[in-house]
Amino acid sequence: MHVVTEFVLLGFRGQRETQHFLFSIILMVYLTTLLGNGAIVCAVKYDRRLHTPMYILLGNFAFLEIWYVSSTVPNMLVNILSETKTISYAGCFLQFYFFFSLGATECFFLSVMAYDRYLAICRPLHYPSIMTRKFCMILVCVCWMIGFLSFSVPIIFLSQLSFCGSNIIDHIVCDPGPLFALVCVPAPSLQLICYTFTSLIIFGPFLSILGSYILVLRAVLRIPSGAGRTKAFSTCGSHLMVVSLFYGTLMVVYVSPKSRNSARVQKIITFVYSAMTPLLNPFIYSLRNKDMKDALKKVLGLRTNQN
């Protein structure tokens, strides 16, 4: 029996010209993502006007996005140019751990950011005393800690399994679904634990976000003036767009029946939430936020005429 010591990550397949085109597009997406999120991190760090809980959370979220996209895209680029498309046993499980841990951390951050908006809109008088800088940093640390601890147990159990026969993973990342299909002896109980764990990590923060915005909506609808309602909604609009984009694609991959999605569709959707969402987030958050736009202009060395 042949024991697997490395995997073949097929990635996006196609003719050599198509592969080169994909490499150029993905590289451009990756570099733009690093630039956009890096600019937000610098803006929050160096502009004193942004040293508030909302922007501290946003700065940490942008920092997280840099690592999240870096957990998969560099390997994706190497894979496109590689003839063998192999990834080592240890490399595959390291990618699995960091990709899913960072993804879990993102879920928790989105939940905390929704809670911040709930406090700002529903309890504005108590907001400064509740969402202090110290409490904000505690929430940031808890998000990172829980995110990285949450997948440590499943990855340890999964890495103890023996893989034999085929070593081909028809995906762009080391995903648990294709990995379970390659084990020598089926492990349905472990597979159930992993999927249950993933579902809890996806739906726990999502339900928290949903609860926060239900309370926000109820509070906003009680505001008598249309201008007041518009202003309140505008503070949540960017976050809602990011949540919809991230969770929409995430649930298609991990919640919808696998039979409905071909391997190609799974790859495209995975690429959207793992690479395109981090690319779009800086544009979404800075598009309608004057303070962030002004801070980014400073960071990027741009100057505007002041009247």
Checklist entry - According to the salt bridge (charged side-chain N to carboxylate O under 4.0 Å, His left out) rule, which pairs have a member within residues 265-282, sequence neighbours left out? => result Asp170-Lys267
Please list, one pair per line, the donor and acceptor atoms closer than 3.5 Å that link side chains of residues 202-212 to other protein atoms, with sequence neighbours excluded.
from, atom 1, to, atom 2, distance (Å)
Ser208, OG, Ser111, OG, 2.8
Ser212, OG, Ser208, O, 3.1

Checklist entry - Taking only residues two or more places apart in sequence, or in another chain, which ones meet Tyr127 in a side chain to side chain donor-acceptor pair (under 3.5 Å)? => result Asp116
Checklist entry - Going hydrophobic residue to hydrophobic residue with side-chain gaps under 4.5 angstrom, can you get from Leu119 over to Met137? => result no
Item to check | Residue of the set Leu190, Val185, Leu182 for which side-chain contact (heavy atoms from CB on, under 4.5 Å) holds with Leu161 | outcome: Leu190
Checklist entry - Are side-chain heavy atoms of Phe96 and Leu158 found at a separation under 4.5 Å? => result yes
Checklist entry - Sub-3.5 Å donor-acceptor pair from the side chain of Ser238 to the main-chain atoms of Ile284, do we have one? => result yes
Checklist entry - Under the ring-ring contact (aromatic ring centres under 6.0 Å, His included) test, which residues partner Tyr115, sequence neighbours left out? => result none
Item to check | For Tyr97, all residues meeting side chain to side chain donor-acceptor pair (under 3.5 Å), sequence neighbours excluded | outcome: none
Checklist entry - When rounded to the nearest 0.5 angstrom, what distance separates CG in Leu279 from OG1 in Thr33? => result 4.0 Å
Checklist entry - What closest approach, in Å, do Ser70 and Leu34 show between heavy atoms, and which atom pair accounts for it? => result OG-CD2, 4.0 Å
Checklist entry - Cluster question for you: counting only ILVMFWY and a side-chain heavy-atom cut-off of under 4.5 Å, with indirect links fine, are Leu200 and Ile193 together? => result no
Checklist entry - Quick one: does Tyr89's side chain get under 4.5 Å of Phe163's, heavy atoms only? => result yes
Checklist entry - Hey, is the main chain of Gly147 close enough, under 3.5 Å, to the side chain of Ser150 for a donor-acceptor pair? => result yes
Checklist entry - Can you find a heavy atom in the side chain of Leu50 that is under 4.5 Å from one in the side chain of Lys45? => result no
Next on the checklist: Are Phe99 and Tyr68, when compared by the centres of their aromatic rings, separated by less than 6.0 Å?
Outcome noted: yes
Next on the checklist: Show me the pairs that pass salt bridge (charged side-chain N to carboxylate O under 4.0 Å, His left out) and involve residues 88-98, at least two apart or across chains.
Outcome noted: none
Item to check | Residue pairs, two or more places apart or on separate chains, that pass salt bridge (charged side-chain N to carboxylate O under 4.0 Å, His left out) and touch residues 205-226 | outcome: none
Checklist entry - Would Leu58 and Phe283 show up in the same hydrophobic cluster when neighbours are defined by side-chain heavy atoms closer than 4.5 Å? => result yes
Checklist entry - Can you check whether Arg117 reaches Met54 side chain to side chain, under 4.5 Å on heavy atoms? => result yes
Next on the checklist: Quick one: does any side-chain atom of Thr132 pair with a main-chain N or O of Ser129 as donor and acceptor, under 3.5 Å?
Outcome noted: no
Checklist entry - Quick one: does Leu102's side chain get under 4.5 Å of Phe151's, heavy atoms only? => result no
Output a table of donor-acceptor pairs, distance under 3.5 Å, between side-chain atoms of residues 74-88 and any protein atom two or more places apart or on a different chain; print 'none' if there are none.
from, atom 1, to, atom 2, distance (Å)
Asn79, ND2, Leu9, O, 2.7
Ser82, OG, Thr84, N, 3.2
Ser82, OG, Thr84, OG1, 3.4
Ser82, OG, Lys85, N, 2.9
Glu83, OE2, Arg16, NH2, 3.4
Thr84, OG1, Thr86, OG1, 3.4
Lys85, NZ, Gln19, OE1, 3.4
Lys85, NZ, Asn79, O, 2.9
Ser88, OG, Gly91, N, 2.9

Item to check | NE2-CG distance between His171 and Leu179, expressed to the nearest 0.5 angstrom | outcome: 10.0 Å
Item to check | Minimum-distance pair of heavy atoms, taken over all atoms of Thr196 and Leu192 | outcome: OG1-O, 2.6 Å
Checklist entry - At what distance, to the nearest 0.5 angstrom, does CG of Leu250 lie from CD1 of Ile201? => result 10.5 Å
Item to check | Residues clustered with Ile168, ILVMFWY side-chain links under 4.5 angstrom | outcome: Val8, Leu10
Checklist entry - Taking atom CE of Met131 and atom OG1 of Thr52, what is their separation to the nearest 0.5 Å? => result 10.5 Å
Checklist entry - With a 4.5 Å limit on heavy-atom distance, are the side chains of Asn60 and Phe109 in contact? => result yes
Checklist entry - Where do Gly59 and Val41 come nearest, in terms of heavy atoms and distance? => result O-CG2, 3.6 Å
Next on the checklist: Is the shortest side-chain heavy-atom distance between Phe180 and Cys194 below 4.5 Å?
Outcome noted: yes
Checklist outcome for this item: Residues at least two apart in sequence or cross-chain that pass ring-ring contact (aromatic ring centres under 6.0 Å, His included) with Phe61, listed by chain then number, are none
Next on the checklist: Give me each pair satisfying disulfide (SG to SG under 2.5 Å) with a member in residues 109-154, each pair once, sequence neighbours excluded.
Outcome noted: none
Next on the checklist: Would you say Tyr285 and His239 are linked by a side-chain donor-acceptor pair, where the criterion is simply a distance under 3.5 Å?
Outcome noted: no
Next on the checklist: Between Ile40 and Tyr55, is there a side-chain heavy-atom distance shorter than 4.5 Å?
Outcome noted: no
Next on the checklist: Using every non-hydrogen atom in the two residues, find where Val69 and Ile66 come nearest and quote the distance to one decimal.
Outcome noted: CG1-O, 3.3 Å
Checklist outcome for this item: Value for CG (Leu110) from CG (Leu57), rounded to nearest 0.5 Å, stands at 10.5 Å
Next on the checklist: Using only atom types and a distance under 3.5 Å, with no angle test, would you say the side chain of Asn281 pairs donor to acceptor with the backbone of Val242?
Outcome noted: no
Checklist entry - Taking only residues at least two apart or on different chains, which pairs with a member in residues 46-70 satisfy salt bridge (charged side-chain N to carboxylate O under 4.0 Å, His left out)? => result Asp47-Arg49
Checklist entry - Do you reckon Leu35 sits in the same ILVMFWY cluster as Met276, going by side-chain contacts under 4.5 Å, direct or chained? => result no
Checklist entry - Do the side chain of Tyr213 and the main chain of Tyr118 share a donor and acceptor less than 3.5 angstrom apart? => result no
Checklist entry - CE/Met145 to CZ/Phe108 distance, rounded to the nearest 0.5 angstrom? => result 10.5 Å
